[in-house]
Asks: 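Okay, here's the structure, questions in a sec.
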Amino acid sequence: MDQVYIRDVAKYIGQQITIKGWLYNKTDKGRLQFLMIRDGTGMIQVVAFKKEMTAEAFEAALAVTQESSLIVSGIVRQDERAAGGFELSLSDIQIVQLTQDYPITPKEHGIDFLMDNRHLWLRSRNQWAILRVRSAVIRAIRDYLDNNGFILMDTPILTPAACEGTTTLFETEYFGEKAYLTQSGQLYNEATIMAFGRTYCFGPAFRAEKSKTRRHLIEFWMVEPEMAYADLEECLRVEENLVSYIIQRTLEECAEELKILERDTSRLEGIVPPFPRISYTDAIAVLKEMGEELPWGEDFGAPHEVAIASRYDKPVFVHRYPAQCKAFYMETDPLDPQLSLSADLLAPEGYGEIIGGGQRTASLELLERRIAEQNLPREAFEWYLDLRRYGTVPHSGFGLGVERTVTFICGIHHIRETIPFPRTLGRIYP
RNA sequence: UCCUCGGUAGCUCAAUGGUAGAGCGACCGGCUGUUAACCGGUUGGUUGUUGGUUCGAGUCCAGCCCGAGGAGCCA
């Protein structure tokens, strides 16, 4: 008999079907056995009554252990007593492999143990839900950009030098020369937009920083749209439209997953454009009122971001940071040369920065001066300077962190659960 | 890199400087509606590591290793 996926069982009420999967949990009631079976698409309760099947089949139902692989056949019934509303009345069961001593029991576990067993932890219900949300978020990002005039431009992962100079890079070897794993594809897409107008790259980024917080991964995924002839205001419009689209699509496609995660979705439903905006300088004043005083010119720390974001139900843009807080390529605010045309997007509920971006400078002179001031290796940036020599235009772009966005949408505590195999400080196994 | 907390049974955790324990898991038995089922029984230990103090160290001290949370930096 052909395999039926658990997500489709509602179409088979009263019919005999076959499900191929694994045993998630079992309740032994003597002559009555409840088997919770998962197949990747969902879970269903399988009910085995001793008197309704052969002795061999009931013996197999008794013997099967947690995470054994198995193939079951039976009739689909609608039953309110079953989680999910459907169950399978078992008629036959074939054990593909009888698992012994599966390490992750249905009880509680510590994070060290779970991380060491990440390859198995992925099978657990919450991890299943989170990683399906991740997939939906990525799909939404790509659909939005593909449908709004952006061209995908894959940028290199092996690079000759720092994109931004300051942060720590993973060094490797490239046929006798030093090479580095990319931190960002942005500079390359400042080149591609001069050929294609609007582009984006979507790939992993690597930061060899010794960051050890629930918001950091060493290897994470980032989407970086870049737009020619776009100023800061246009950039923010694209950002708020993209983020709103991601959230609304995820609410539509992942209702079950968000329910498993016990996410309060009412806090996501209202996230539609426009998003609130506050300038850096105004934010400093607000922080002073809130008792989080910070001297003008210093960059926000995590507590400052949380304090600002806590004042809004939607993500909030903080714009026009002092130039000294931001990277060398940021455009200067024509109204105040101390400021940059930059903006970060801070998520609500304490989830922090999910986007950083802004308008890039179009000025050859400013770029040359900044590169000299910050002692960056000018030779490595000659191609980048060419972009200001040959048809420079105002342009903007931003980077959205996939895992931070998924953490926020799922309403979970730690970013490490939003990627199948997280690379965190000091942990590269499995 | 800095600060804080932790490391005891397969897992989660107890244990005034004085006989290393419980729950879960596993195993055996019972139960026809469980939802982390429940009930009875059995099993389970180089207390991270090296040294020190002490009649006696899981417990106190020092170093080291590993992990977690936070800071800085950032998405």
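Source: prediction; values computed, not measured. Note on naming: letters A, B, ... go to the chains in the order of the sequence lines (proteins, then strands), and numbering restarts at 1 for each one. Just the heavy atoms: all of them, side chains too, but no hydrogens, waters or symmetry mates, feed the values below.
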Asks: Please confirm whether the shortest side-chain N or O distance from Arg31(A) to OP1 or OP2 of C31(B) is below 4.0 Å.
Replies: yes
Asks: Given G33(B), G67(B), A71(B), identify the nucleotide with an atom nearest to the side chain of Glu87(A).
Replies: G33(B)
Asks: Between Phe381(A) and Phe328(A), is the ring centre distance below 6.0 Å?
Replies: yes
Asks: With respect to Glu67(A), which candidate in Gln97(A), Arg38(A), Gln100(A) satisfies the side-chain hydrogen bond (donor to acceptor under 3.5 Å, both in side chains) definition?
Replies: Arg38(A)
Asks: Applying the 5.5 Å / 30° rule, does Phe34(A) stack onto the base of G33(B)?
Replies: no
Asks: Using a cut-off of strictly less than 4.0 Å, decide whether Asn25(A) has a side-chain nitrogen or oxygen near OP1 or OP2 of A37(B).
Replies: yes
Asks: Take the protein atom CZ of Arg416(A) and the nucleotide atom C1' of A68(B), then report the distance between them rounded to whole Å.
Replies: 8 Å
Asks: For A68(B), take OP1 and OP2 only and decide whether either is under 4.0 Å from a side-chain N or O of Lys212(A).
Replies: yes
Asks: Taking only side-chain N and O atoms of His109(A), does any of them lie within less than 4.0 angstrom of OP1 or OP2 on G10(B)?
Replies: no
Asks: Could you pick out which residue, Leu32(A) or Met222(A), lies toward the 5' side of RNA chain B when each is mapped onto its nearest nucleotide?
Replies: Leu32(A)
Asks: Report the residue (Met115(A) or Gly301(A)) whose heavy-atom-nearest nucleotide on RNA chain B is the more 5′ of the two.
Replies: Met115(A)
Asks: Any side-chain N or O of Arg215(A) below 4.0 angstrom from OP1/OP2 of A71(B)?
Replies: yes
Asks: Does a distance-only test, which skips hydrogens and angles, find a donor-acceptor pair under 3.5 Å between the side chain of Arg427(A) and the base of C66(B)?
Replies: no
Asks: Between A36(B), G67(B), A71(B), which nucleotide gets closest to the side-chain atoms of Lys107(A)?
Replies: A36(B)
